[in-house]
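Report on the structure given below.
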Amino acid sequence: MQVYGSKNSSVTLTDLGINAGTSYWNLSPEELVKQTLQFEQGVLNDTGALCVNTGKFTGRSPKDKFTVKDAITEKSVDWGDVNIPMAPDVFDKLYDKVCNYLTGKELWVRDAYACASEEYRLNVLVINETPWANLFCNNLFLRPTAEEIKTQTHDWLILQAPEFQADPAVDGTRQGNFTIVNFTRKIILIGGSAYTGEMKKGIFGVLNFVLPHDHKVLSMHCSANEGKDGDVALFFGLSGTGKTTLSADPQRALIGDDEHGWSEHNVFNFEGGCYAKCIDLSAEKEPEIFAAIKPGTLLENITFKPGTNEVDYADKSITENTRAAYPINFIGNSKEPSYAGTPKNIFFLTCDAFGILPPISKLTKNQAMYHYVSGYTAKVAGTEMGVTEPQTTFSACFGRVFLPLHPVAYAELLGKKLEADSSINVWLINTGWSGGAYGTGNRMKLSYTRSMITAAMTGQLNDVAYEPHPVFGILMPESCPNVPTEILSPRNTWADKEAYDKKANELAQLFVKNFDKYASEANEETLAAAPKMLVNAE
């Protein structure tokens, strides 16, 4: 076996059951880009970023993600359609099969780690079939120093073999592609898909088990930033709610844009980079991300404007899920190391297409736990002919598909933290509609939303009067600097007040129905935070 690059001394591929022909260890981004171009697996765009196509899969495949059911996971994991079990012996046979497939091949190996907090550092060894997948891992995971690499041992192994196809009848998978997490052997095994996000979210799922289960650290699918006075803010939200846009603030340092832990002492980033959506990206709308598309960045599944190597960010012909993967220090105001103190303000972002929820409201501890488990937003199916009603989406803890434990376990950890520090404020921000539902009302102005978030973070809402929402009970401020008072209570913005009441009841019923599947695990205080229907609205 030929070995190139800076290899650590603690492990060989043979130890892992792999007899590669050539292995490239910890190559620099420049070397990985050069190899990708030589193998004709990618091209450069006009700003020097490496552009690749991930093939058949341009996103994660959650129905093909499995967790090995064994002594560690059997009684802890929340089994079901999110966490699909696989027997240990089935995994072992498939792992050996993948290792045999890799015999004699060129492989790219990287030492990396997750968790910026040294106390919870998780060392990861990654093995890839392509140099550009290894570049992704360099960009997204935290990067050990050259001295650390010499002696680093790995806690977890990611083995990615996108060209390997499973035989479902023999290998226990649903189809040819798979992602399997084994907590006993500490391996994430990926095959049949070159989509790099499977590696990133695979480790996220591991941390979502290990940190809450073993250390009582709350793992979170959120962005985080820090003000000049050291105040930390967290932003939770599903796709389309404004999480990336609202957490990007030139006046505040970016801790991270996607995955974090909240320990007793601090909030810390799990990652060393960003995996930003770049559909419709422009210098005007998202200048920080746009400026990060430069040498060393990996662009996935984009197209070029005809006859050029200038990216056509509006083109969705391959996928809407076009992505840019780059180290966090490509963002000018990023904070390194990527951790800070405990949060002062927490924002749950929702795009309510019903126009019912207030543009900003304050939550009690119990309401925070209820809305955290609910993870509500609404999508508008504007591209489908004849569909005019909004589609509700509930994703527990704003990331249900990444949670090995029952969602209530995470909510209870959140509740304990809020109980321990009563000075933490939790806000629900509606970036959706006001003055009516989608099609009648208007989308909340971004400038108003920014003003509300600024007012919350700077303490300008600490001493104003609040009134409870008639259905959801959340507290609505009666005034907010730089925001018209009349929009703060959503019912006031509707011309037809009875129509508002009826629609509010409809949304409340959807919340209650969604929460039914979690109710048996939730405590009485959380259940009491559910919305209360208006009896006079039919």
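Fair warning: this is a prediction, and the values are worked out from it, not measured in the lab.
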Determine whether E106 and Y24 make a side-chain contact, defined as any pair of heavy atoms from C-beta on separated by less than 4.5 Å. yes

Close side-chain approach of N309 to L44, heavy-atom, < 4.5 Å: no

Sorted by chain and residue number, the salt bridge (Lys or Arg N to Asp or Glu O under 4.0 Å) partners of K316 (sequence neighbours excluded) come out as none

Does CG belonging to D81 count more than 12 external heavy atoms closer than 6.0 Å? no

State whether the side chain of N45 and the backbone N or O of T47 hold a donor-acceptor pair below 3.5 Å, judged by distance alone. yes

Can any side-chain N or O of T297 pair as donor or acceptor with the backbone N or O of A49 at less than 3.5 Å? no

Show me the pairs that pass salt bridge (Lys or Arg N to Asp or Glu O under 4.0 Å) and involve residues 430-440, at least two apart or across chains. none

N53 CG to I302 CD1 distance, which is reported to the nearest 0.5 Å: 9.0 Å

Counting only N and O atoms by type, is there a donor-acceptor contact under 3.5 Å from the side chain of N139 to the main-chain atoms of G296? yes

Do other residues, nucleotides or ligands put more than 12 heavy atoms under 6.0 Å from the CD atom of Q38? yes

To the nearest 0.5 Å, what is the distance between CD on Q160 and CG on N134? 9.5 Å

Which pair of heavy atoms, one from L349 and one from F398, lies closest together, and at what distance? O-CE2, 4.1 Å

Polar side chain donor-acceptor pair, N301 to T54, under 3.5 angstrom: yes

Within the structure provided, determine whether M199 and F136 are in side-chain contact (heavy-atom separation under 4.5 Å). yes

Quick one: does any side-chain atom of N177 pair with a main-chain N or O of S193 as donor and acceptor, under 3.5 Å? no

Ring centroid separation Y113 to W156 under 6.0 Å: no

Does D167 have any salt bridge (Lys or Arg N to Asp or Glu O under 4.0 Å) partners at least two apart in sequence or in another chain, and if so, which? none

In short, I203 meets V124 closest at the heavy-atom pair CD1-CG2, 4.0 Å

Contacts of R143 meeting salt bridge (Lys or Arg N to Asp or Glu O under 4.0 Å) (sequence neighbours excluded), chain-then-number -> none

Within a 6.0 Å radius of atom CZ on F348, are there more than 12 heavy atoms belonging to other residues, nucleotides or ligands? yes

How close do Y448 and N482 get, heavy atom to heavy atom, and via which atoms? CD2-O, 4.0 Å

I'd like to know if the side chain of D315 pairs up with that of T303 as donor and acceptor (distance under 3.5 Å, no hydrogens or angles considered). yes

pair V82-R400: side-chain heavy atoms closer than 4.5 Å: yes

In chain order, what residues pass the side chain to side chain contact (heavy atoms under 4.5 Å, CB included) check against E163, with sequence neighbours excluded? Y101, E129

Restricting to ring-ring contact (aromatic ring centres under 6.0 Å, His included), what partner residues turn up for F402, sequence neighbours left out? F204, H221

Contacts satisfying salt bridge (Lys or Arg N to Asp or Glu O under 4.0 Å) that involve residues 248-262 (not counting sequence neighbours) are K200-D258, K200-E259, K201-D258, K201-E259, D231-R252, K243-D258

Please identify each residue that fulfils ring-ring contact (aromatic ring centres under 6.0 Å, His included) with F141, with sequence neighbours left out. none

Could you check whether E300 and T196, counting side-chain N and O atoms only, form a donor-acceptor pair closer than 3.5 Å? yes

Is it true that the side chains of N321 and Y195 contain a donor and an acceptor less than 3.5 Å apart? yes

Set of residues satisfying side chain to side chain contact (heavy atoms under 4.5 Å, CB included) with respect to V90, sequence neighbours excluded: M86, A87

Side-chain (T319) to main-chain (T322) donor-acceptor, under 3.5 angstrom: no

If you apply the rule salt bridge (Lys or Arg N to Asp or Glu O under 4.0 Å), what do you find for D496 with K503, and how did you get there? CA-CA 11 Å; D496 187 338; K503 189 64 72 173; over 6 Å; no

Just one of F394, F236, F515 clears the ring-ring contact (aromatic ring centres under 6.0 Å, His included) bar with Y372, so which one? F236

Does P490 offer a backbone N or O that forms a donor-acceptor pair with the side chain of T493 under 3.5 Å? yes

Working note: C480 + L488, criterion side-chain contact (heavy atoms from CB on, under 4.5 Å); need CA distance, chi angles, decisive distance, verdict. CA-CA 8 Å; C480 178; L488 295 173; 4.2 Å; yes

Verify, without hydrogens or angle tests, whether R323 (side chain) and C278 (backbone) share a donor-acceptor contact under 3.5 angstrom. no

Please check if the side chain of K294 supplies one atom and the backbone of A291 the other of a donor-acceptor pair under 3.5 Å. no

Suppose the criterion is side-chain hydrogen bond (donor to acceptor under 3.5 Å, both in side chains): which pairs have a residue in residues 26-35, not counting sequence neighbours? N26-D111, S28-E30, S28-E31, Q35-W108

Around atom CD of E320, are there more than 12 heavy atoms of other residues, nucleotides or ligands at under 6.0 Å? no

Under 3.5 Å, is there a donor-acceptor pair between the Y410 and N208 side chains? no

List the steps and the verdict of side-chain contact (heavy atoms from CB on, under 4.5 Å) for V471 and N505. CA-CA 7 Å; V471 174; N505 272 0; 4.3 Å; yes

In terms of the angle between their ring planes, are H371 and F472 parallel, tilted or perpendicular, with boundaries placed at 30° and 60°? tilted

Ring-ring centroid check F66 F178, cutoff 6.0 Å: no

Taking atom NZ of K97 as the centre, report whether more than 12 heavy atoms of other residues, nucleotides or ligands fall under 6.0 Å from it. yes

With no hydrogens and no angle check, do the side chains of T130 and N128 hold a donor and an acceptor under 3.5 Å apart? no

Residues D352 and W433: side-chain donor-acceptor under 3.5 angstrom: no

Can you list every pair that meets salt bridge (Lys or Arg N to Asp or Glu O under 4.0 Å) and has a residue in residues 44-67, with sequence neighbours left out? D64-R174

Under the side chain to side chain donor-acceptor pair (under 3.5 Å) rule, collect the residues that match up with W25, sequence neighbours excluded. S23

Under 4.5 Å between any side-chain heavy atoms of T350 and T431, yes or no? no

side-chain contact (heavy atoms from CB on, under 4.5 Å) partner of Y313, chosen from I293, I279, D280: I293

If you define the side chain from C-beta out and look only at heavy atoms, does anything of L281 sit under 4.5 Å from V311? no

Validation row, ring centre Y326 to ring centre Y275 under 6.0 Å: no

Is L246 close to L446 at the side-chain level, that is, under 4.5 Å between some pair of heavy atoms? yes

Counting N and O atoms only, with roles assigned by atom type, does the side chain of H406 sit under 3.5 Å from a partner on the main chain of A409, one being a donor and the other an acceptor? no

Value rounded to 0.5 Å, distance of CD1 in I360 from CH2 in W427: 5.0 Å

Within the side chain of T241, is there an N or O that forms a donor-acceptor pair under 3.5 Å with the backbone of L238? yes

